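Everything below concerns the one structure shown next.
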2 protein chains.
Amino acid sequence: MAKLDIKSLGIDFEHISNILKPLSHPHRLEMIIGLFHNGCTVTQCQERMGLPQSTISQHLRVLKDAGILKGRRKGTEVCYEVIDPFALQIIDLVEKK
Amino acid sequence: MAKLDIKSLGIDFEHISNILKPLSHPHRLEMIIGLFHNGCTVTQCQERMGLPQSTISQHLRVLKDAGILKGRRKGTEVCYEVIDPFALQIIDLVEKK
DNA sequence: TACCAATATTCTTATATCCATATATTTAGA
DNA sequence: TCTAAATATATGGATATAAGAATATTGGTA
């Protein structure tokens with residue numbers, strides 16, 4: 001029986017790990033799931049996670065640079081939301097786990 | 001409308017990122033998916049990926065230490081297989097993508 | 001036991017990540 | 001325009017990760 005060559009699957013491993021890597025940090029994972037449930041602003045993240053503001057901002061930036069989040073300004077606040085479909089699928093798995 | 005506290009979800013973020021992190025490397029991702037399609041031994045990985053044997057072994061060790069893989073010895077060879085259910089779900093997503 | 005193939009480990013260097021402190025930027029409102 | 005609140009960026013030190021070369025181990029077989 002001939003095996004299916006993995007290359008024929010046409011998977012872009014670089015791209016996928018560019019999504020997975022930012023998600024694979026406990027703080028970022030908690031932050032991103034918290035966006036749905038407990039508010040999407042930096043300050044709200046900061047309050048529930050108990051981390052310095054700059055640390056929160058930096059984690060959000062990693063997620064934004066990866067194309068996972070985008071920020072929407074409302075006055076002085078920025079509300080972050082998940083925009084990457086694959087990331088959404090992962091988050092779904094995590095929540096069901 | 002009262003928001004659901006994220007803590008009530010009881011998600012173990014540390015544990016999840018301990019699975020996600022090892023998966024979030026392009027070589028390891030390719031390796032682990034190749035296990036299904038193109039052989040599960042170190043040598044087979046090595047041949048299809050074109051990396052030094054020690055590099056392959058080290059990546060497999062990371063995955064094994066995380067509890068994602070286990071190795072089954074057959075004589076002089078070791079056949080690796082995925083044993084973590086969450087990892088299997090991720091792999092499933094990746095293949096369907 | 002001696003040897004070979006397959007796999008694992010050690011060691012080393014280079015690079016990346018994490019996270020806190022301090023500082024800058026942006027926006028709204030007086 | 002001055003100020004305060006929210007967010008972003010710069011910097012630096014500690015730690016972690018990546019990967020290849022060299023070496024060690026394990027298992028089968030003569």
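Given the structure is predicted, the values throughout are model-derived calculations rather than measurements. Residue numbers begin at 1 in each chain, while the letters A, B, ... track the order of the sequences. Computed over heavy atoms, backbone and side chain alike; hydrogens, waters and symmetry mates excluded.
In this structure, the nucleotide among D:dG20, C:dC19, D:dT7 sitting nearest to the side chain of A:H59 is C:dC19. Residue A:Q58 places its side chain closer to C:dC19 than to any other of D:dA19, C:dC19, D:dA6. Of the candidates D:dA8, C:dA8, D:dA6, the closest approach to any side-chain atom of B:V78 belongs to C:dA8. The side chain of B:L51 lies closest to D:dG20 when the candidates are D:dA8, D:dG20, C:dT7. Closest to the side chain of A:T55, from the set C:dT7, D:dA8, C:dA20, is C:dA20.
Computed from coordinates, the A:E47 CD to D:dA5 C1' distance equals 13 Å when rounded to whole Å. In this structure, A:H25 places its NE2 atom 11 Å from P of D:dT17, rounding to the nearest Å. Taking atom CG of residue A:L63 and atom P of nucleotide C:dT17, one finds them 13 Å apart after rounding to whole Å. Atom CZ of B:R73 is separated from atom C1' of C:dT7 by 6 Å (rounded to the nearest Å). Per the geometry, CG belonging to A:N18 stands 10 Å off P belonging to C:dT17, to the nearest Å. Counting to the nearest Å, the C1' atom of C:dT17 and the CG atom of A:D65 are 14 Å from each other. We find that CE of A:M31 is positioned 11 Å from P of D:dT7, with the value rounded to whole Å. Straight-line distance from the CD1 atom of A:I56 to the C1' atom of D:dA6: 13 Å, rounded to whole Å.
When only modelled atom types and interatomic distance are considered, B:T43 and B:E47 share no side-chain donor-acceptor pair under 3.5 Å. A side-chain N or O of A:T41 and one of A:Q44 form a donor-acceptor pair less than 3.5 Å apart. A donor and an acceptor atom, one from each side chain of B:H37 and B:E95, are located under 3.5 Å apart.
Counting heavy atoms of neighbouring residues, nucleotides and ligands inside a 6.0 Å radius, atom CZ of A:R61 does not exceed 12 of them.
Backbone-only contact: B:K21 has heavy atoms under 4.0 Å from sugar-phosphate atoms and none from a base.
Comparing B:T43 and A:K74 against DNA chain C, the residue whose closest nucleotide sits nearer the 5' end is B:T43. Ranked by how close their nearest DNA chain C nucleotide is to the 5' end, A:S54 and B:S57 are led by B:S57.
With hydrogens and angles ignored, a donor-acceptor pair under 3.5 angstrom links the side chain of B:Q53 to the base of C:dA8.
Applying the disulfide (SG to SG under 2.5 Å) test to every pair with at least one member in residues 43-76 of chain B, sequence neighbours left out, gives no pairs at all.
Residue A:R61 places none of its side-chain N or O atoms closer than 4.0 Å to OP1 or OP2 of D:dT7. OP1 or OP2 of D:dA18 sits under 4.0 Å from a side-chain N or O of B:R28. Residue A:Y80 places at least one side-chain N or O closer than 4.0 Å to OP1 or OP2 of D:dA8.
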